Amino acid sequence: MPESNPPQSSDFIREIIKQDLIEGKNNGKVMTRFPPEPNGYLHIGHAKSICLNFGIARDYNGLCNLRFDDTNPEKEDVEYVDSIMEDVKWLGFDWENRLYFASDYFEQLYQYAVELIKLGKAYVCDLTPDEIRDTRGTLTEPGKESPYRSRTLEENLNLFQRMRQGEFPDGSKSLRAKINMSSPNLNMRDPVLYRIRRVEHHRTGNKWCIYPMYDYAHPLSDAIEGITHSICTLEFENHRPLYDWFLNTLKTNSCPRQIEFARLNLTYTVLSKRRLIELVQSNFVDGWDDPRMPTLAGLRRRGYTPLAIRNFCAAIGVAKSDSIVEIENLEHYLREDLNNKALRVMAVLKPLKVILDNYPEDKTEELDAENNPEDFSAGTRKIPFSRVLYIEQEDFREAPPKGFFRLSPGKEVRLKHAYYIKCEKVIKDEKTGEIRELRCTYDPNSRGGWTQDGRKVMGTLHWVSVPHAGEAEVRLYDRLFLKPDPNDVTEGQDYKTNLNPNSVKILTGCKIEPGLMDAKPGTPYQFLRQGYFCLDYRCSTPEKLVFNQTINLKDTWGKIEKFQKNGRKDQK
RNA sequence: UGAGGCGUAGCCAAGCGGUAAGGCAGCGGCCUUUGGAGCCGCCAUUCCCAGGUUCGAAUCCUGGCGCCUCAGCCA
């Protein structure tokens, strides 16, 4: 089984790194980092970044750190740091002993700020946030210099120290870099470095009442860790001059290089933290690990595999153009991996009873069934067969449409691993007209699903023996959003109006082959002819099994039938 | 009317002056004890547009056009 089917082609970042290596930069070392802020759960977009950063380290004999960018205690929480560590590990990456927190550098960062003041490159500003905004200027007009810009070194040093000691109320003062208020790059117009916030930090507690800003903390954290290539997303491109400014004016020993790439966007999916957190907190979904969520926790619970996600990330590539990847790509790599690994089993989701009139009343046979045709080492198992069976309601049609080669009156089909059966009679409820059961006959000479006479039997059905069947609840999922772009809404509405009201369908009373009663969480199963499923590790109990649909099998018949109803095939 | 980016097929994406990789999707066929999987074939005479340089341009130059990001004491 190949570890990775899509060839890992190079990308512009790897090209840069190769070139740096050729030029002997950084003493031939490559050091990256994955720097999440612990203010939410990781999602598939983060997976792209994780695969990139850890993948580069792996490819160029380097190392990748896990560093929490925890400089804003107002939004952060240990719940998130725990989930992030779990998700990175699950995806298959290892930061070994290099687990870092920006908050571990608060003292060093403070000293760097003192240094900046001494260099005359930072000052304490008494302007309020509103005043700072009002004096920042606009995209086309320069800003105005703060009246506090020319405070003496001594005054700045004294004030900054007193900021730290808690002598000033929240928001009353800030430390600002002294750069250029008329820079065309707004990030360079004396950005705030430190703000006063009396908020308990999830790691440093109440030790600090001033907290550094991202723009300031990030380049210095990178330098402290000896990062060589600091990879981030496109929206930070405008921040790079500031990133470099800190490193250059503080003359740090190591000089990381920031490189930006386009973040992942997926059709039918929302990936902004703000929106994901809203879905969770407003109960549009059932928590961060709801199987419909694009979070790694959600995908894991849904039955996605780490390899599928990694292969997907490798396949979509890394570039600088904004892009929206069609979700079919992700689904393709999911099916590919699951096809290789999933144990084949039979489960009837919407049961229809079939009675084999010519099969002995009290007989039970044990039939052989392969566990995975893609992998002989998965072996075989025995499945019981008897006179009364369940088949799928959808596999019988009293009036079969053209091209339907499943069961219908007078027609013969194969029961997978078992026998040919022929439908002789349809028994209906006298009042409702609903189909109650089918009376069929079986061909004793077709055991195993084959005869010598060369008879052609097109349809193959899955089934479960009634007296041996187990029961389960099965949850089917559809896309969370109805439109490829969930943000495509009419004036005044928001993405939530595009939520799919039918994104989950709960089926109870599903019939499963007896062996499945021992299903293990984390094991992928293929319910034959239907799709891939896994035990829901949150809701399933030994008394009441609950399976999540991971992804359906490609359904060409469903597609054909849809086209037959809707008209021509080539119309969308 | 500021600055920084980006524009190659329906969607991603290689390509780095020598004549348009690959994946997804789609289409056609083969095969099939899963209408799954697999296999075979098709799918850009042209790279946002217009000029220019060159024997030769998606690649270099000039000028347009379009899209994205930035005016948090968020990251």
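Since the model is a prediction, treat every value here as computed from it, not as a measurement. So that the names make sense, note that chain A is the first sequence line, chain B the second, and so on, each numbered from 1.
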Q: Summarise how protein sits on nucleotides 37-44 of chain B as a single string, 5' to 3': B when a protein heavy atom is under 4.0 Å from the base, S for sugar-phosphate-only contact, - for no contact.
A: S-------

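Closest contact between the side chain of Asp555(A) and the listed nucleotides G10(B), C12(B), G35(B) involves G35(B). Of the candidates C74(B), G36(B), G4(B), the closest approach to any side-chain atom of Lys75(A) belongs to C74(B).
Annotation: proximity of residues 260-273 of chain A to RNA chain B (heavy atom, distance under 4.0 Å) is found for no residue.
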Identify the pairs formed between an N or O of the protein and an N or O of nucleotides 67-71 of chain B at a distance under 3.5 Å, and give each distance.
from	atom 1	to	atom 2	distance (Å)
C68(B)	O2'	Asp322(A)	OD2	3.1
U69(B)	O2	Asn238(A)	ND2	3.0
C70(B)	O4'	Asn238(A)	ND2	3.4
A71(B)	O2'	Arg136(A)	NE	3.3

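Below the 3.5 angstrom threshold, one finds no donor paired with an acceptor across the side chain of Arg240(A) and the base of G4(B).
If you take CD1 of Ile383(A) and C1' of U34(B), they are 13 Å apart, rounded to a whole angstrom. Distance CD1 (Ile16(A)) to P (C16(B)): 17 Å, rounded to an integer number of Å.
Glycosidic torsion of G72(B) falls within 90° of 0, placing the base in syn.
With sequence neighbours left out, Phe385(A) forms a ring-ring contact (aromatic ring centres under 6.0 Å, His included) with Tyr359(A), Tyr419(A), Trp463(A). Under the rule for a side-chain hydrogen bond (donor to acceptor under 3.5 Å, both in side chains), Asn187(A) has no partner lying at least two apart in sequence or in another chain. Asp20(A) pairs by the salt bridge (Lys or Arg N to Asp or Glu O under 4.0 Å) definition with Lys25(A), Arg257(A), not counting sequence neighbours. Residues satisfying the salt bridge (Lys or Arg N to Asp or Glu O under 4.0 Å) test with Asp70(A), not counting sequence neighbours, are none. For Gln165(A), the side chain to side chain contact (heavy atoms under 4.5 Å, CB included) partners at least two apart in sequence or on another chain are Gln161(A), Arg162(A), Glu167(A). Residues satisfying the salt bridge (Lys or Arg N to Asp or Glu O under 4.0 Å) test with Arg335(A), not counting sequence neighbours, are none. Partners of Pro147(A) by side chain to side chain contact (heavy atoms under 4.5 Å, CB included), not counting sequence neighbours, listed by chain and number: Leu127(A).
Counting non-hydrogen atoms under 4.0 angstrom, Leu367(A) reaches nothing in the nucleic acid. Thr71(A) comes within contact range of the sugar-phosphate backbone alone, with a heavy-atom separation under 4.0 Å but no base atom that close.
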Enumerate donor-acceptor pairs with a distance under 3.5 Å from any side-chain N or O in residues 322-332 of chain A to protein atoms, sequence neighbours excluded.
from	atom 1	to	atom 2	distance (Å)
Asn329(A)	ND2	Glu326(A)	O	3.1
Glu331(A)	OE1	Arg479(A)	NH2	3.2
Glu331(A)	OE2	Arg479(A)	NH2	3.0

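Between Phe68(A) and Phe101(A), the ring center distance clears the sub-6.0 Å criterion.
Annotation: side chain of Lys178(A) is in contact with side chain of Arg149(A) (closest heavy-atom distance under 4.5 Å).
Where Gln526(A) and Asn39(A) each meet RNA chain B at their nearest nucleotide, the meeting point lying more 5' is that of Gln526(A). Each of Arg197(A) and Arg414(A) was assigned the nucleotide of RNA chain B with the nearest heavy atom; the assignment lying further toward the 5' end belongs to Arg414(A).
Between the side-chain ring of Tyr214(A) and the base of A75(B), no stacking contact exists by the 5.5 Å and 30° definition.
The salt bridge (charged side-chain N to carboxylate O under 4.0 Å, His left out) analysis of residues 412-421 of chain A, with sequence neighbours excluded, yields the pairs Glu412(A)-Arg455(A).
Taking the C1' atoms as reference points, A57(B) lies 31 Å from U69(B), given to the whole Å.
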